[in-house]
Number of protein chains: 2
Amino acid sequence: MHHTLSVLVENSPGVLARVAGLFSRRGFNIESLAVGPTERDDRSRITLRVDCSQHSIGQVVKQLYKLINVLKVNELTADDAIERELMIVRVTAQPADRADLIRLGEVFGARVCDVGPTSLMFECLEHPDKLHAFEEILKPYGVKELVRTGRVALRKSTPERTRSGRMRVLA
Amino acid sequence: MHHTLSVLVENSPGVLARVAGLFSRRGFNIESLAVGPTERDDRSRITLRVDCSQHSIGQVVKQLYKLINVLKVNELTADDAIERELMIVRVTAQPADRADLIRLGEVFGARVCDVGPTSLMFECLEHPDKLHAFEEILKPYGVKELVRTGRVALRKSTPERTRSGRMRVLA
């Protein structure tokens, strides 16, 4: 089972190594991980995704709290969080295929960020599942290079959800 | 001096811990790090940003190559790479400020992804410097929560750059 953890940490050398070490010692492969700045300069947020049982993840959360510089750990589920990921992908694009590819990109909300004689580069911000679908669509053309950030997530604004059961969308 | 490294690794538990450990043992604080899937299922790409001297980064690259499961290390500079980052930010938005905030978001290419009674959530894919500018603009309104992925980067298509000296943009 896949779990997404959001770990708020103090900025200090070694905190990432300790967090990553905790998972590797237990033999859990971290599928994706993103660490970046937060609203406070002295704190970073690590968002990571790992495949393990519900029991194991409970143990891991307890162990995380024992590490120094770890301030807060949240498990985020697909229902209560906005999950997004960034992908940059370079795909083979013969001149005859270019227009088709660009139109495909538009369908997935991807922007062209670099054009070569026989390649196109797309940048795309979406839900990780949608990025996966875009990648599958591009594969027949030939994916030359691809980088993804790993998902990041923030909790949705709760009052909204509990009141109506689904998200209101601003027109 | 800031350096962006793109490290191609084999998917195996512990590789991230070894890479992160290499930096922490030297006392280098990793500013941001993103690890995610690539064009091949058995490989991941770690993109990380670290602040250290040119001499130190040369040493670190050599050390990275000595780690098992590390396949390739590239240093990417702003000139030869497309650098992007993803930010999700929740900002205080009183009903009177909402329209202004949404318009501000449009200027920075940000999309509204969640709306609460007194908050707005934006998602934004941009160059890291532009994300920083957007964050600064939002601060006076009150940034409640913020997560960033850390930058990822792919090398630009070289022939294009060397021929014209600047990027051609597809109409």
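Note on naming: letters A, B, ... go to the chains in the order of the sequence lines (proteins, then strands), and numbering restarts at 1 for each one.
Cluster annotation: L16(B) and V7(B) are assigned to the same hydrophobic cluster (Ile/Leu/Val/Met/Phe/Trp/Tyr, side-chain heavy-atom contacts under 4.5 Å, transitive).
Listed for the E39(B) side chain is a donor-acceptor partner under 3.5 Å among the backbone atoms of L146(A). A donor-acceptor pair is defined here as one N or O able to donate and one able to accept, closer than 3.5 Å; such a pair exists between the side chain of R90(B) and the backbone of R155(A).
Residue with the most contacts toward chain B among L138(A), V19(A), I88(A): I88(A) (heavy-atom pairs, distance under 4.5 Å). Counting heavy-atom pairs closer than 4.5 Å to chain B, the top residue among V147(A), V89(A), I30(A) is V147(A). Options N11(B), V15(B), L33(B) differ in how many heavy-atom pairs under 4.5 Å they form with chain A, and the most are formed by L33(B).
Neither the backbone nor the side chain of R26(A) has a heavy atom closer than 4.5 Å to any heavy atom of chain B. Contact of T47(A) with chain B is made through the side chain alone, with heavy-atom distances under 4.5 Å. Contact annotation for T118(A): neither backbone nor side-chain heavy atoms come within less than 4.5 Å of a heavy atom of chain B.
Here the rule is side chain to side chain contact (heavy atoms under 4.5 Å, CB included) with P37(A), and of E31(B), E85(B), M87(B) only E85(B) fits it.
Summarising the local packing, CG of D41(B) is surrounded by 12 or fewer heavy atoms from other residues, nucleotides or ligands at distances under 6.0 Å.
For the pair V115(B) and S157(A), the tightest heavy-atom approach, listed with the atom from each and the gap, is O-OG, 3.5 Å.
T149(B) OG1 to L86(A) CG: the interatomic distance, rounded to the nearest 0.5 Å, is 5.5 Å.
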